[in-house]
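Below: one structure, written as structure tokens.
Computed from heavy atoms alone, side chains included, the values below leave out hydrogens, waters and symmetry copies. Numbers restart at 1 for each chain; the letters A, B, ... are given by sequence-line order, proteins then strands.
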2 protein chains.
Amino acid sequence: MSPILHALEKEKSKLSQLERKLAERILASPGDVVHMGITELAEQCSISPATITRFCKVFHFKGFPDFKVKLAAELAHSDAAPQDGNSSYQDIVAGNPLSVIVEAMQANHLASIRDTTSLLNIERLQAVISLLCSARRVDLYGMATSSIVAQDFYQKLVRIGVNCTAFADSHMQITSASSLAAGDVAFAISYSGETPETIDALTCAGASGASTISLTSYGSSTLATLAEFPLFSSSLEQGMRRGDMASRIAQLHIIDILFTGMVSSKFGDFIPKLEHSYLNVQQYRHKRGGSMQ
Amino acid sequence: MSPILHALEKEKSKLSQLERKLAERILASPGDVVHMGITELAEQCSISPATITRFCKVFHFKGFPDFKVKLAAELAHSDAAPQDGNSSYQDIVAGNPLSVIVEAMQANHLASIRDTTSLLNIERLQAVISLLCSARRVDLYGMATSSIVAQDFYQKLVRIGVNCTAFADSHMQITSASSLAAGDVAFAISYSGETPETIDALTCAGASGASTISLTSYGSSTLATLAEFPLFSSSLEQGMRRGDMASRIAQLHIIDILFTGMVSSKFGDFIPKLEHSYLNVQQYRHKRGGSMQ
DNA sequence: TGAGTATGAAAATAATTTTCTTTATTTATC
DNA sequence: GATAAATAAAGAAAATTATTTTCATACTCA
């Protein structure tokens, strides 16, 4: 199911009465909703248009039209690839033939990249890129699986000379967060958006005056609420068994976009550094290779 | 190409001058257009909003918003398919608009997953899975970017109780490799397949009697030649500027397949462990959350 | 009761469409 | 070939419609 509908389903219980009614109406026939005006939908649910706009903002859309366009794109995905659709997102099952696993995995990963892209808010992304480019210091927070993503971003940022750190240790995270100031950036990554260590660190960073960015899977979460600039990856999976495999790929996809955006916007500054770091590694390796064996 | 864009292309010649300009703008980056207002688009084309509305009616849409929603749906369909191919794998260019970067990145990543899947040798994959499942000990080798992939696999294997290690330090890699024996498995990851530290470690592991697996990008490389079971990810990128972004995602894709394959084949053994590890993390967090603040 | 939340009414704003006018282009006629 | 009539193209601005915001009210839970 598309991340938006999935999120509606998941968050339904947390919503207020009328918002839940709206969510149910949307889930009942999302395909219709994308062709409706806000007034029409409001009437069908016997609620006010204002409630719908608010509802869209809760789910981090710019407004109702933005919601419609993104929902339309997602609905198209799911029925575009129905061979994905039927088999999709099933849990791991005993003794599945490997070819089935391969196909399912490909479907999952492709869908997760597509869905993530279609959820992107370009302006916010641009704002985040600008922030990162001009940051005095960048802190990256992420535990467990998300630490992989943080490490990845760290390696990239170091290569273009951005002053940044990724923490494996939760105490160090907090220590560093509390030493941030205005002009610094804290970037927190968490699949669920509820990792306590990461939440603590981002809270602390915000209190210290740093700009706060989160990267979580789509849906409401403590971390996303906390951040000034919440970014989202798709969230296909619900079961514990499947782990967060697709989400990690979706998050790396966003990291790649951010990084490429940074390099592109400060091309003159960053490209020489990138090439320099590349050549240095090459050179170092060459020397070392020669002297060994 | 989607029917709408196709129609635009086909009818372009029959349209008036300004309408053609509009059609060309839409064709140039339809993905942006769906997120624009009519005024913004009008300004970009130096035409009046009225012309846009008329244009939409010519193509039998109810109006501009209707056009946007339907175009968004179609784009979602079509970007699954590799008309990506033509534009694909361009290098990072100064001041590219973010929307172009996003599209290019999506095309790259989707292609890299598809290509990797189609390169897979299922039998070899199956053999590797069996090896990993029955290994007494698993060593993971990977430097720099590839260490991210190694770490990721490490985290997964730990969760199902496989006795494994991932090394950040090249000396430790060698030390560990030399202590392996028959029944152990060495798994080396390198984008280029020429990373000296990783080559050394795998060579050493092979000499010690361990089974050797490599994961490199497609093509002949020292590491792939060295390994008993070479696995390949797609290799889209050549320039240094692009780094190894897509390759890392392709490699993780393979890791996910291996892991899922392992869990599936030893379902009874692994699933309880996976669930156990999941619950423990939850519980631990819960306690911690409660005692905090 | 009172703080906080949920909600709608209505005002404000923004977006879109329509109408009407102007301008350009073609065509028919001298 | 010139020119007027007819037609098509395009925009400005008005009208309409859609959306968002603000503000006041009702409701809920402690």
Practice item. Examine C:dT7: is either OP1 or OP2 under 4.0 Å from a nitrogen or oxygen in the side chain of A:Ser16? Give yes or no. Key: yes
Point to revise | A:Phe61 CZ to D:dT19 C1', straight-line distance once rounded to whole Å | key: 17 Å
Exercise for review: Quick one: label B:Lys21 by what it contacts on the DNA or RNA (base, sugar-phosphate, nothing), any heavy atom closer than 4.0 Å.
Suggested key: nothing
Exercise for review: Evaluate the side-chain proximity of B:Glu74 to B:Pro30: yes if any heavy-atom separation is below 4.5 Å, no if none is.
Suggested key: no
Practice item. Select from B:Pro49 and A:Leu15 the residue whose nearest nucleotide in DNA chain C is closer to the 5' end of that strand. Key: A:Leu15
**Study point:** For atom CE of A:Met36 and atom P of D:dT19, their distance in whole Å
**Key:** 12 Å
Check your understanding: Which nucleotide sits closest to the side chain of B:Ser48: D:dG11, D:dT19, C:dG8?
Key -> D:dG11
Study note, to complete from the structure: Given the options B:Glu40, B:Gln44, B:Arg25, B:Val33 meets side-chain contact (heavy atoms from CB on, under 4.5 Å) only with B:Arg25
Study note, to complete from the structure: Which of D:dT20, D:dG11, C:dG8 is nearest the side chain of A:Pro65? It is D:dT20
Revision key, fill the gap. A:Leu18 has its side chain closest, among D:dA10, C:dG8, C:dT16, to C:dG8
Check your understanding: Looking only at side-chain N and O atoms, does A:Lys62 come under 4.0 Å of OP1 or OP2 in D:dT19?
Key -> no
Study note, to complete from the structure: Of the candidates D:dT20, C:dG8, D:dG11, the side chain of B:Ala50 sits closest to D:dG11
**Study point:** A:Arg124 and A:Phe232, any side-chain heavy atoms less than 4.5 Å apart
**Key:** yes
Revision key, fill the gap. Regarding the side chain of B:Lys68, the nearest nucleotide among C:dT16, D:dT20, D:dA10 is C:dT16
Check your understanding: Rounded to the Å, how far apart are B:Arg54 CZ and C:dT17 P?
Key -> 12 Å
Revision key, fill the gap. Between CZ of A:Phe64 and C1' of D:dA18 the distance, given in whole Å, is 10 Å
Practice item. To the nearest 0.5 angstrom, please state how far the CG atom of A:Leu157 sits from the CG atom of A:Asp152. Key: 9.5 Å
Practice item. Write down the distance between CD (A:Glu43) and P (D:dT17), rounded to a whole number of angstrom. Key: 14 Å
Practice item. Return the nearest nucleotide to the side chain of A:Thr39; candidates are C:dT7, D:dT19, D:dG11. Key: D:dT19
Check your understanding: How long is the line joining NZ of A:Lys14 and P of C:dA6, in whole Å?
Key -> 14 Å
Review point. Separation of B:Asp66 atom CG from C:dA15 atom P, in whole Å?
Key: 19 Å
Exercise for review: Indicate, with a heavy-atom threshold strictly under 4.0 Å, whether A:Thr53 touches base, sugar-phosphate, or nothing.
Suggested key: base
**Study point:** Touch class at under 4.0 angstrom, heavy-atom based, for B:Ile52 against every strand present
**Key:** nothing
Review point. Of the nucleotides D:dT20, C:dA15, D:dT21, which has the atom closest to the B:Ile38 side chain?
Key: C:dA15
Review point. According to the interplanar angle, ranging from 0 to 90°, do the rings of A:Phe59 and A:Tyr218 count as parallel (below 30°), tilted (30 to 60°) or perpendicular (above 60°)?
Key: tilted
Review point. Is any NZ, NE, NH1 or NH2 atom of the basic residue among B:Glu9 and B:Lys12 found under 4.0 Å from an Asp or Glu carboxylate oxygen of the other?
Key: yes
Exercise for review: Starting at atom CD of A:Gln17, determine the distance to atom C1' of D:dA26, rounded to an integer number of angstrom.
Suggested key: 13 Å
